[in-house]
*Asks:* 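Okay, here's the structure, questions in a sec.
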Amino acid sequence: MKLPQLVGAREADARLVRAVAFTFLGTTTILALYFGRDVLIPAAVAVLFAFILSPVVTLGRRLLPNSVAVALVVAGALIVAGLLAVLITTQLAEVAGSLTSYQTNLQQKIRDVRGLSEGGGALSRFMAMIASLTHDLSLDAGPAPSPAVHVQSGTSSFTNVALFVAPLLHPLLSIGIVVILVVFILLDRDHLSDQFVRLFGVSNVHATSEALRDAAARVARMLSLQLLTNFGFSVLVGASLFALGMPNAALWGLLAGGLRFVPYVGAALGAVLPTVIAFAVMPGWLQPFLVLGCIVALDIVIGQVVEPLLFGESTGVTPLALILSAIFWGMLWGPIGLLLSTPLTICLLVLGRHVPHLRFLQVLLGDEPALAPYQQIYRRLIRRAVADAAAVALAEIEAKGSEQGFDDSMGRMVNLAEADHALGRLTADQIDAIVDGTDDVLDFLAETPEERAAAEGSGSAGRPLGQARPQLRCIGGRGEVDDAAASIIAFALRQRGFEATSSRRGEMSPDVAEGSFMIPLICYASHPSDTVRRYNIRKLRTGLRRARHAVIDYDVASAPPSVAGAAGDLLIGDIATICRLAAQYAVELASADKPQIA
């Protein structure tokens, strides 16, 4: 076996081993999360509450010892949670006890529904069909089995108490574990942070500390803002329902606010449950729909106006990643997983940003663009999505300015296209799509005729009267991709006020206006060989001695002028550098008394 084949086989085997190892580790992790949920869920909830209470503890440590501050903060949190639990329990008991008093209201709504089915309408016929099918099924099912008779023996009072306490034992133990973990995490958080750095990042203490700080800041900010907005939502919903005459308005406000911690699904549940109760307790049909509309309107205002202003870019996670994360953690850990999905996703995103081997997590979860603007334009031109490519280029120009934005979008795009073309990765159809799409994008980016005329006027304003006017003709040097490079350079020159045209290889040279002279500018998306340069010079019909070669090269764009600039008949650099050098050369020729004519 030859050496290149042997190296390729070893690389393929290494990729296979990595894929198998990654699959095994992922499967093992998911199984551990599922089967260890009885231990992991209390620990995760404790860490979540520690993040929420940590800023308050930090403030308390300025005035009190650490242990006293932690004790007071945890005690205060337990008192608030206990008061909320008592309020919710009391309200639920009141709702359960008062439902029987609304029997008349429910009977009236049932009569209203029955009234819709009277008179042989469509609803009546549909109900008759359902009844007929049910009767036929009951006949085919055979005789109904006789009900089983269960004989229950007498049980002791101790057994009754045990049956009552047993279902409450597990939640009470979980709450106790969470409280204990929260206390010890807050007491020993500095030491825990040092242990984490020692365990995972002793070789790079700064990077690991930055990862911990980033994760803590993002999660704490997100949870604090969520707590603030959801509490405000609870107050607004409770006040609105109270104004509408809804009984137990405080309960439904707290329920709606609490359910908003569940991503996307919680807001819908918080609106449906009060509406269902409103149908039972409120007379008529209008008020229940007013309840639903009030909650939906408040949720839209909070979610679309208030939260974007407060949150900004605090999470850095895409909405799709949040939804998939909620589904994943909900399947693993149930309702608690839904509540914890957003903080856990943020922690995974931070790991992806700071751990090189987990960089794929940042790509999958982060809201930052996965590709650079020029790569996005390149992909969109290949699939002929010209409007999308133009939108990306325009956004980059507006963000970075005309020169830098044009270079970072269209200039680097054609550079990437030439690199793929040299490696044989592009088909003829894809090359045509890039070249034609480049012209279309440049047309989209072009200024209005009035603005273009003003730019041309400004370019010639500083020229003395009677001085020859240069016309730059940008020509593709080797092939189709260089034709696109010529169009891009000509566009950039026109934006700077010069008369510039672009033409493809083999096209006839345009006529030169009176009082003007032609400067051929042979354009390349990568460095040409000396043979190619000499051949292109010989093919020129006019302006032979004035011709220059423009090479788009971003590796030397930021280098000193001795490296990035003019070297003989070469103009090397980014688009801005090429335009600057071409402008200087044109001004030098125009300032001469008698420009040479080839």
*Asks:* Please lay out, stage by stage, how Val45 and Phe49 fare under the test side-chain contact (heavy atoms from CB on, under 4.5 Å).
*Replies:* CA-CA 6 Å; Val45 173; Phe49 280 106; 3.4 Å; yes

*Asks:* Less than 4.5 Å apart, any side-chain heavy atom of Ser240 and any of Leu298?
*Replies:*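 The answer is yes; the side chains approach within 4.5 Å.
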
*Asks:* Taking the six-membered ring of Phe35 (Phe, Tyr or Trp), confirm whether the NZ or CZ of Arg37 is under 6.0 Å from its centre and within 45° of its axis.
*Replies:*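 Arg37 over Phe35 ring: no.
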
*Asks:* Which heavy atom of Ala393 sits nearest to which heavy atom of Met410, and what is that distance?
*Replies:*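 Heavy atoms only, the tightest pair is CB-SD, 4.2 Å.
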
*Asks:* Looking at every non-hydrogen atom in both residues, tell me the closest pair between Ile397 and Ser402 and how far apart they are.
*Replies:*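 For Ile397 and Ser402, the tightest heavy-atom pair comes out as CG2-CA, 3.8 Å.
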
*Asks:* Given Asn248 and Phe242, is the side-chain contact (heavy atoms from CB on, under 4.5 Å) satisfied, shown in steps?
*Replies:* CA-CA 8 Å; Asn248 309 105; Phe242 179 78; over 6 Å; no

*Asks:* Can the ring centres of Phe22 and Phe360 be said to be less than 6.0 Å apart?
*Replies:*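 Between Phe22 and Phe360, the centre distance is under 6.0 Å.
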
*Asks:* Atom CD1 in Ile382, atom CD1 in Ile377: separation rounded to 0.5 Å?
*Replies:*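 Result: 12.5 Å between the selected atoms.
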
*Asks:* Determine, stepwise, if the pair Glu398 / Leu394 fulfils side-chain contact (heavy atoms from CB on, under 4.5 Å).
*Replies:* CA-CA 6 Å; Glu398 291 177 349; Leu394 184 61; 3.8 Å; yes

*Asks:* For a quick test of reading the model, state the closest non-hydrogen atom pair linking Val178 to Ala46 and the distance between them.
*Replies:*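 Looking at all heavy atoms of both residues, the shortest contact is O-CB, 3.8 Å.
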
*Asks:* Kindly indicate whether the side chain of Phe406, heavy atoms from C-beta on, has any atom under 4.5 Å from the side chain of Leu442.
*Replies:*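 Yes, their side chains come closer than 4.5 Å.
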
*Asks:* Using the side chain to side chain contact (heavy atoms under 4.5 Å, CB included) definition, which of the options Leu33, Thr28, Thr27 pairs with Leu31?
*Replies:*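 With Leu31 as partner, side chain to side chain contact (heavy atoms under 4.5 Å, CB included) holds for just one option, Thr27.
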
*Asks:* At what distance, to the nearest 0.5 angstrom, does OG of Ser174 lie from CG of Asp38?
*Replies:*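 Rounded to the nearest 0.5 Å, the OG-CG separation comes to 7.5 Å.
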
*Asks:* How many angstroms lie between CZ in Arg412 and OH in Tyr374, if you round to the nearest 0.5 Å?
*Replies:*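 Answer for the CZ-OH pair, Arg412 versus Tyr374, is 6.5 Å.
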
*Asks:* Could you measure the distance from the CD atom of Gln91 to the CG atom of Leu254? Nearest 0.5 Å is fine.
*Replies:*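 The CD atom of Gln91 sits 8.5 Å away from the CG atom of Leu254.
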
*Asks:* Any side-chain heavy-atom pair from Asp420 and Tyr378 closer than 4.5 angstrom?
*Replies:*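 Side chain of Asp420 against side chain of Tyr378, heavy atoms only: contact under 4.5 Å found.
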
*Asks:* Do the side chains of Asp407 and Lys400 get close enough for a salt bridge, i.e. N-O under 4.0 angstrom?
*Replies:*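 Here Asp407 does not pair with Lys400 in a salt bridge, since their nearest N and O are not under 4.0 Å apart.
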
*Asks:* Does Gln376 reach the side chain of Arg379, with side-chain heavy atoms less than 4.5 Å apart?
*Replies:*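 Not in contact.
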
*Asks:* Considering only heavy atoms from C-beta outward, does the side chain of Val70 approach that of Val182 to under 4.5 Å?
*Replies:*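 Answer no - side chains too far apart.
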
*Asks:* Give, for atom CG of Leu78 and atom CG of Leu83, the distance between the pair rounded to the nearest 0.5 Å.
*Replies:*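 The CG atom of Leu78 sits 11.0 Å away from the CG atom of Leu83.
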
*Asks:* Regarding Ser67 and Arg61, is there a side-chain donor-to-acceptor distance under 3.5 Å anywhere?
*Replies:*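 Distance-only check fails for Ser67 and Arg61.
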
*Asks:* Have a look at Phe184 and tell me which of Asp188, Leu186, Ile180, Leu181 forms a side chain to side chain contact (heavy atoms under 4.5 Å, CB included) with it.
*Replies:*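 Of Asp188, Leu186, Ile180, Leu181, side chain to side chain contact (heavy atoms under 4.5 Å, CB included) with Phe184 is met by Ile180 alone.
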
*Asks:* A side-chain contact here means heavy atoms from C-beta on lying under 4.5 Å apart; do Leu361 and Leu349 qualify?
*Replies:*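 Of all side-chain heavy-atom pairs linking Leu349 with Leu361, none is under 4.5 Å.
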
*Asks:* Does Val57 reach the side chain of Asn66, with side-chain heavy atoms less than 4.5 Å apart?
*Replies:*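 Touching, per the 4.5 Å side-chain cut-off.
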
*Asks:* Say whether, by atom type as modelled, one donor and one acceptor occur between the side chain of Trp252 and the main chain of Thr275 under 3.5 angstrom.
*Replies:*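 A pair under 3.5 Å: no.
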
*Asks:* Is it true that atom CZ of Phe328 has more than 12 heavy atoms of other residues, nucleotides or ligands lying nearer than 6.0 Å?
*Replies:*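 It does: Phe328 CZ has more than 12 such atoms within range.
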
*Asks:* Before giving the answer on side-chain contact (heavy atoms from CB on, under 4.5 Å), spell out for Leu445 and Phe491 the whole-Å C-alpha distance, their side-chain angles and the decisive distance to 0.1 Å.
*Replies:* CA-CA 9 Å; Leu445 297 176; Phe491 177 86; 3.9 Å; yes

*Asks:* Tell me the closest heavy-atom pair linking Ala256 and Val237, and the distance in Å.
*Replies:*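 So the minimum-distance heavy-atom pair works out to CB-CG1, 4.3 Å.
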
*Asks:* Do Arg260 and Ile302 come close enough that some side-chain heavy atom pair is under 4.5 Å?
*Replies:*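 A side-chain contact exists here, since the closest heavy-atom pair is under 4.5 Å.
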
*Asks:* Locate the shortest heavy-atom distance separating Ile177 from Pro42; write the atom from each residue and the value.
*Replies:*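 Smallest heavy-atom distance, with atoms named: CG2-CB, 4.0 Å.
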
*Asks:* Atom CD1 of Ile300 and atom CD1 of Ile295: how far apart are they, to the nearest 0.5 Å?
*Replies:*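 Those atoms lie 12.5 Å apart.
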
*Asks:* Does any N or O in the side chain of Asn230 come within less than 3.5 Å of the main-chain N or O of Gln226, such that one atom is a donor and the other an acceptor?
*Replies:*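 Yes.
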
*Asks:* If you look at every heavy atom in Ala50 and Ile185, which pair is closest and at what distance?
*Replies:*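 Nearest pair, atom of Ala50 first, then Ile185: CB-CG2, 3.7 Å.
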
*Asks:* State whether the side chain of Gln404 and the backbone N or O of Gly401 hold a donor-acceptor pair below 3.5 Å, judged by distance alone.
*Replies:*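 It does not hold such a pair.
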
*Asks:* Give a yes or no answer on whether the side chain of Ser341 reaches the backbone of Leu338 with a donor-acceptor pair at less than 3.5 Å.
*Replies:*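 Present.
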
*Asks:* Taking Ser234 for its side chain and Gly253 for its backbone only, find out whether a donor-acceptor pair lies under 3.5 Å.
*Replies:*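 Indeed, once roles are kept as given, a pair shorter than 3.5 Å links the two residues.
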
